[in-house]
Amino acid sequence: MRRIRAAAAGAVTISLLTAATACGGGSSNGGSNDSPKTLTYWASNQGASIEIDKKVLQPELDKFEKQSGIKVKVEVVPWSDLLNRILTATTSGQGPDVLNIGNTWSASLQATGALLPWDAKNFAKIGGRDRFVDSALGSTGAEGKDPAAVPLYSMAYALYYNKKSFADAGIAKPPATWDELVADGKKLSKGGKWGLGAEGSNVSENIHHVFVFAKQHGADFFTADGKADFTNDGVVAAVQQYVGLMAKDKIIAPGNAEYAQNQSVSDFAKGKNAMLLWQSASANLKSQGMSEDAYGIAPVPVQSGTPGTGANVNSMVAGINLAVFKNSKNLDGAAKFVKFMTSDAEQKILNTAYSSIPPVKTAQGDAAFNTPSNAVLKDTLAKSAAALPQVADESQFETAVGTAVKELFAAAAAGHPVTTDSVKAELEKAQQQMPKK
């Protein structure tokens with residue numbers, strides 16, 4: 001999800017979600033077609049800036065209006081505001097007709113009852129469920145329930161590395177394991193430049209990385225029956241290893257502890273960092289003046305061996321879903337808009353603009369998405385990515401644990417050691433913020 005996603009403050013998020021669940025998502029009367037000629041659309045900030053997103057989206061919205069007679073009023077919402085905006089809308093019943101949600105939020109927002117379920121009848125309106133790839137559908141809501149949203153953009157994490165920096169340091173190939181990455185990072189961290197960039201204050205970015213590290217340590221953040229389990233040995237080791245890239249290995253600049261809005265991408269584009277762990281970054285880097293020839297793309301490292309399932313998971317299943325508010329006053333128009341946005345033609349246009357991967361099978365097979373850079377992302381999504389927990393408490397989990405990691409990065413930046421005990425203490429605080437089962 002993203003391009004870049006920072007969840008809101010924990011207390012606000014948790015209280016809003018609790019209220020939304022209690023009230024069932026606003027009006028119980030459901031939607032209608034009382035305003036057939038207009039739609040409101042909240043789009044997530046996918047490009048390097050909101051203005052870039054508007055330039056990408058407006059021609060497509062104009063095209064939809066010409067085809068359908070329906071005018072779409074779009075607002076591009078920063079990731080730092082989006083979740084709380086959505087949760088506020090679910091409690092008030094006053095939301096947009098159509099909106100983007102980070103795919104990891106699907107089950108949490110599904111639990112509010114505010115989003116239109118995508119049952120067989122609704123999927124039929126947009127060409128059927130089988131148009132979408134299975135990995136994308138796996139992040140659309142709780143297992144056993146009709147999806148709360150439809151996949152729009154698919155993404156995966158990759159390791160971006162500066163070819164010149166690697167050549168100057170005598171490094172022949174990108175690292176395949178974390179030990180290799182640390183060793184390379186130490187060679188690259190000199191002269192005011194650093195081996196790796198990070199977004200230490202971005203709550204959800206933190207979650208994405210520690211989720212992958214946890215998988216590689218054979219651990220999960222929830223038990224099989226859905227209870228929070230943030231302090232098990234594998235999770236503690238995962239968080240300590242990730243924050244340790246700054247605290248112990250010193251290949252991430254201390255200032256990155258304050259980064260939350262694409263700064264590490266900008267640093268990479270400017271040559272300040274030699275490596276970057278990011279979702280589908282090519283369009284973002286291009287918009288900041290970095291030539292595709294200047295960097296290479298490789299799979300995210302694993303502990304040992306090569307990426308795959310189980311302990312060698314190296315990405316979360318990233319992406320953006322398209323949802324409809326159940327009490328929309330233009331349900332028919334909303335369905336037409338979702339069909340338009342997920343059509344083969346629009347999938348090619350939009351996913352090319354954002355260097356993401358179409359979750360629609362036929363569009364994904366287009367030659368435009370068979371580039372070397374996309375090959376790494378597609379292979380990761382197909383073979384070594386896992387979905388974040390699709391549980392009702394997922395958004396609280398992101399906020400609580402992501403904030404714990406943020407605090408640990410702040411401690412590392414201040415020169416404090418990040419120990420097993422200090423990591424466990426922060427994770428214990430995070431677990432205490434979760435709803436009691």
Study note, to complete from the structure: Hits for side chain to side chain contact (heavy atoms under 4.5 Å, CB included) against K173, two or more places apart or cross-chain, chain-then-number order -> none
Review point. In chain order, what residues pass the side chain to side chain contact (heavy atoms under 4.5 Å, CB included) check against E346, with sequence neighbours excluded?
Key: E60, K63, F340, S343, I349, L350
**Study point:** Candidate pair Q279 and Y157, rule side chain to side chain donor-acceptor pair (under 3.5 Å), full reasoning
**Key:** CA-CA 4 Å; Q279 298 176 37; Y157 275 88; 3.1 Å; yes
Review point. Can you name the side-chain hydrogen bond (donor to acceptor under 3.5 Å, both in side chains) partners of E180, sequence neighbours left out?
Key: none
For residues 117-128, which side-chain N or O atoms pair as donor and acceptor with protein atoms under 3.5 Å away, sequence neighbours left out?
from : atom 1 : to   : atom 2 : distance (Å)
D119 : OD1    : K121 : N      : 3.3
D119 : OD1    : N122 : N      : 2.9
D119 : OD1    : N122 : ND2    : 3.4
N122 : OD1    : K125 : NZ     : 3.4
N122 : ND2    : P117 : O      : 2.8

**Study point:** salt bridge (charged side-chain N to carboxylate O under 4.0 Å, His left out) partners for E75, two or more places apart
**Key:** R85
Check your understanding: Should the pair F397 and F222 be assigned to parallel (<30°), tilted (30 to 60°) or perpendicular (>60°) ring geometry?
Key -> perpendicular
Report, one line per pair, each donor and acceptor closer than 3.5 Å where one atom sits in a side chain of residues 183-197; sequence neighbours left out.
from : atom 1 : to   : atom 2 : distance (Å)
S189 : OG     : G185 : O      : 2.7
S189 : OG     : G195 : N      : 2.9

Exercise for review: Could you list all the side chain to side chain donor-acceptor pair (under 3.5 Å) pairs where at least one residue sits in residues 141-153, not counting sequence neighbours?
Suggested key: none
Review point. Are K361 and D130 within salt-bridge range, i.e. N to O under 4.0 Å?
Key: no
Point to revise | Contacts of type side-chain hydrogen bond (donor to acceptor under 3.5 Å, both in side chains), residue S422, not counting sequence neighbours | key: T419
**Study point:** Taking every non-hydrogen atom, the tightest pair across P151 and T342
**Key:** O-CG2, 3.8 Å
Point to revise | Partner residues of N321 under the side-chain hydrogen bond (donor to acceptor under 3.5 Å, both in side chains) criterion, sequence neighbours left out | key: S106
Review point. Who pairs with K270 by side-chain hydrogen bond (donor to acceptor under 3.5 Å, both in side chains), at least two apart in sequence or on another chain?
Key: none
Please list every donor-acceptor pair under 3.5 Å in which a side-chain atom of residues 295-307 meets a protein atom from a residue at least two apart or in another chain.
from : atom 1 : to   : atom 2 : distance (Å)
Y295 : OH     : S282 : OG     : 3.3
Q303 : OE1    : Q241 : NE2    : 3.4
Q303 : NE2    : Q216 : OE1    : 3.2
Q303 : NE2    : Q241 : OE1    : 3.0

Review point. What pairs meet the ring-ring contact (aromatic ring centres under 6.0 Å, His included) rule with one or both residues in residues 360-382, with sequence neighbours excluded?
Key: none
